[in-house]
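First the structure, in the form of structure tokens, and then the observations on it.
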Amino acid sequence: MNEELLAQEWQALIRQYSDVLPILQALTETHRVELARAFYDLMLENPGSSPYLSHDQVRTQLSSSLQRWIVAVFAAQRAEQVLECIDMQQHVGKVHARIEVPVSLVLRGARQLKSHLSRLLLESELDAQVQHAATRLACQLIDLTMEIMSQAYSLSHDRNSRAEEAYRLFSVSQNLGTEKERQRGALLDWENQLMFALATGQQASYLPRLADSEFGLWFRHKASHAFQGSPESTSILT
């Protein structure tokens, strides 16, 4: 992710709309509480947000953080401010990746912000042409922040996935010998009970099915994940 190119794109955008940027700065400063409330009201209505959000979190921490974010995005003008804002988006993207907040949920919130800002501009007494330009700038700036967040999210998520996979393989290799003998014993015990029942003419219905035996449960719930994707594992499960 090239921060310099992103900064250049950001600055080119605010230069293009330099005449309406102060309007957005004033608007977001004035309505930051309202914008944050509308954002989180929508988030909390979504059943998919419950693992990541609570009313207490929003009230005590997240609302004020979002207000600062809104003001910072539209206040950035100088090169160092823009770079700080880019760093902020990257940090947020990494945090979202770490706690596995769905990107779709973040984009839903961004859509709400753009919609609410557009409505505030339409309800203002500004000239229609100025309203249109300010709306375009607001939407493009928010889209740019979402792009930066998503890039950081993707990179961080990929790194986390590789780290988890490496740990999983390490864990499997460390415990493989012991686990192999333990599960071999469990499988042989089930087999011996079955053979004894057949040899003595008893009904084997008291025995659990192989899939429900200690070995079968281990394979379905642990080994299938450890050896996920291997043809042998797929064949056994099917």
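- Heavy atoms only, all atoms of each residue included: M149 and V106 are closest at SD-CG1, 4.2 Å.
- Looking at Q90, Q89, E84 one by one, the single match for side-chain contact (heavy atoms from CB on, under 4.5 Å) with D87 turns out to be Q90.
- The minimum heavy-atom distance between Q81 and A75, with the atom names listed, is OE1-O, 3.9 Å.
- Rounding to the nearest 0.5 Å gives a distance of 11.0 Å between CD1 of I86 and OG1 of T145.
- Minimum interatomic distance between D143 and K114 (heavy atoms only, all atoms of both residues): OD1-NZ, 2.7 Å.
- In terms of modelled atom types and a separation under 3.5 Å, the side chain of S18 and the main chain of I14 share no donor-acceptor contact.
- Going from atom CZ of R37 over to atom CD of Q67 covers 8.5 Å, rounded to the nearest 0.5 Å.
- With 3.5 Å as the limit, one finds a donor-acceptor pair spanning the side chains of H31 and E34.
- Checked by atom type and distance alone, the side chain of S150 never pairs as donor or acceptor with a backbone atom of E147 at under 3.5 Å.
- Here the side chain of Q131 pairs a donor or acceptor atom with the backbone of L121 at under 3.5 angstrom.
- Put simply, Y17 and L122 are part of two different groups of oily side chains (I, L, V, M, F, W, Y) that touch within less than 4.5 Å, one to the next.
- Side chains of V82 and L6 form no contact here, defined as non-hydrogen atoms less than 4.5 Å apart.
- Residue Q11 comes nearest to R78 through the heavy atom pair NE2-C, 4.0 Å, listed as atom of the first residue, atom of the second, then distance.
- Y153 contributes no side-chain N or O that, together with a main-chain N or O of E100, makes up a donor-acceptor pair within less than 3.5 Å.
- At a threshold of 4.5 Å between non-hydrogen side-chain atoms, the residues M195 and E191 count as touching.
- Separating the CG atom in L141 from the SG atom in C85 is a distance of 8.5 Å, to the nearest 0.5 Å.
- No more than 12 heavy atoms of other residues, nucleotides or ligands sit less than 6.0 Å from atom CD of E4.
- Under a cut-off of 6.0 angstrom, the local environment of CZ in R184 is sparse, with at most 12 non-hydrogen atoms contributed by other residues, nucleotides or ligands.
- Under 4.0 Å is where a charged nitrogen must lie from a carboxylate oxygen, and between R108 and E45 no such pair does.
- With hydrophobic clusters built from ILVMFWY side chains whose heavy atoms lie under 4.5 angstrom apart, L83 does not share a cluster with L21.
- Taking CD of E29 as the start and CD of Q25 as the end, the distance is 9.5 Å to the nearest 0.5 Å.
- S115 places no side-chain N or O within donor-acceptor distance of the main-chain N or O of R111, the cut-off being under 3.5 Å.
- D189 contributes no side-chain N or O that, together with a main-chain N or O of G185, makes up a donor-acceptor pair within less than 3.5 Å.
- A donor-acceptor contact shorter than 3.5 Å is absent between the side chain of E9 and the backbone of L5.
- The shortest distance between side-chain heavy atoms of F39 and H116 does not fall below 4.5 Å.
- Counting heavy atoms of neighbouring residues, nucleotides and ligands inside a 6.0 Å radius, atom CD of Q129 does not exceed 12 of them.
- Scanning both residues, M88 and A72, for their nearest heavy atoms gives CE-CB, 3.7 Å.
- Put simply, CG on L35 and CH2 on W69 are 10.5 Å apart, with the number rounded to the nearest 0.5 Å.
- Using a 4.5 Å heavy-atom threshold, the side chains of H91 and H96 count as separate.
- In this structure, L24 is a member of the same hydrophobic cluster as V130, with clusters built from ILVMFWY side-chain heavy atoms closer than 4.5 Å.
- When every heavy atom of I142 is checked against every heavy atom of L117, the shortest pair comes out as CD1-CD1, 3.9 Å.
- Of the inter-residue distances, the one linking S154 atom OG with K94 atom NZ reads 13.0 Å to the nearest 0.5 angstrom.
- No chain of hydrophobic side-chain contacts below 4.5 Å, direct or via other Ile, Leu, Val, Met, Phe, Trp or Tyr residues, connects V71 to W10.
- L44 and V33 sit in two unconnected hydrophobic clusters of ILVMFWY residues. Membership requires side-chain heavy atoms under 4.5 Å apart, directly or through other members.
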